**Student:** 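Okay, here's the structure, questions in a sec.
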Amino acid sequence: MDSIIKNLDLSAKGIWFPVAVGLLLLLFALFMPKRKISWLEFYITFGVVGYVAWISDTVVGGMLNLVDLGDPKITGLGEFASYSVIPSSLSVIYLNYVKKTNKWILILLFTVLSTLIEWVMVQIGYLKMKNWEFFIFSIIAYLIVFSVILPVHIKVIKKNLLQNK
């Protein structure tokens, strides 16, 4: 039991923030009225974004050693929230509300929100940057995700779901 508790990395400085944000975003995503996405699109998006976030963590945090979350030797609860729950929840919330009329407002809003979450994790000491230019790479990545990748992702899903009906 002690090793399970240790592997959750519950003593990491600032772990409360990604866990709390992840929980709040997940609850909001689950209970928001589904306007633009179905439950199936929610499910697919949540899984795909979580998977891509873990791959990104493996490359950026593990292979390139550019960032550390919590204890760099442990993949704990905070890291799980940071890579599985937060990006996936933000993605389904974004896709649920984005329309042609509010696209750029939401792209900027979700880029700012994602950047703010990352910035707070740095400020409280949970996320440590090592050779990662936060205001260059992170903001550009968020802009690309919300303006290009997620819209293409949902178009592919919707197209394939319509073909299978």
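Note that the structure is a prediction, hence the values are computed from the model and not measured. The basis for the numbers below is simple: all heavy atoms, side chains too, and nothing from hydrogens, waters or symmetry mates.
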**Student:** When clusters are formed by joining ILVMFWY residues with side-chain heavy atoms under 4.5 Å apart, either directly or through shared neighbours, do Leu25 and Trp39 land in the same one?
**Tutor:** yes
**Student:** I'd like to check the side chain to side chain donor-acceptor pair (under 3.5 Å) partners of Asn65; sequence neighbours left out, ordered by chain and number.
**Tutor:** Lys130
**Student:** Enumerate the residue pairs fulfilling ring-ring contact (aromatic ring centres under 6.0 Å, His included) with a member in residues 2-28, sequence neighbours excluded, ordered by first and then second residue.
**Tutor:** none
**Student:** With the 4.5 Å side-chain cut-off for hydrophobic clustering, are Leu116 and Val122 part of the same group?
**Tutor:** yes
**Student:** So which pairs with a foot in residues 90-109 pass ring-ring contact (aromatic ring centres under 6.0 Å, His included), sequence neighbours left out?
**Tutor:** Tyr94-Phe110, Tyr94-Phe146
**Student:** Kindly write out the residues that satisfy side chain to side chain donor-acceptor pair (under 3.5 Å) with Lys128, not counting sequence neighbours, or none if the list is empty.
**Tutor:** none
**Student:** Using the rule that Ile, Leu, Val, Met, Phe, Trp and Tyr join whenever any side-chain heavy atoms are under 4.5 Å apart, tell me whether Val120 and Leu109 fall into a single cluster.
**Tutor:** yes
**Student:** According to a 4.5 Å side-chain heavy-atom criterion applied to Ile, Leu, Val, Met, Phe, Trp and Tyr, with indirect links allowed, do Leu66 and Ile140 form part of one hydrophobic cluster?
**Tutor:** yes
**Student:** Can you name the ring-ring contact (aromatic ring centres under 6.0 Å, His included) partners of Tyr126, sequence neighbours left out?
**Tutor:** none
**Student:** Do you reckon Leu23 sits in the same ILVMFWY cluster as Val85, going by side-chain contacts under 4.5 Å, direct or chained?
**Tutor:** yes
**Student:** Which atoms form the tightest heavy-atom contact between Pro18 and Ile86, and what is the distance?
**Tutor:** O-CD1, 3.7 Å
**Student:** For the residue pair Asn96 and Arg35, what are the closest heavy atoms and their distance?
**Tutor:** OD1-N, 2.7 Å
**Student:** Show the nearest heavy-atom pair for residues Lys36 and Lys158, with the distance to one decimal.
**Tutor:** O-NZ, 3.1 Å
**Student:** What closest approach, in Å, do His153 and Thr45 show between heavy atoms, and which atom pair accounts for it?
**Tutor:** NE2-OG1, 2.8 Å
**Student:** Can you see which heavy atom on Gly50 is nearest to which on Ser88, and at what distance?
**Tutor:** N-OG, 3.1 Å
**Student:** If a pair satisfies ring-ring contact (aromatic ring centres under 6.0 Å, His included) and one of its residues is in residues 60-91, list it, with sequence neighbours excluded.
**Tutor:** Trp54-Tyr83
**Student:** Please report the shortest heavy-atom distance between Met32 and Lys34, naming the atom on each side.
**Tutor:** O-NZ, 2.8 Å
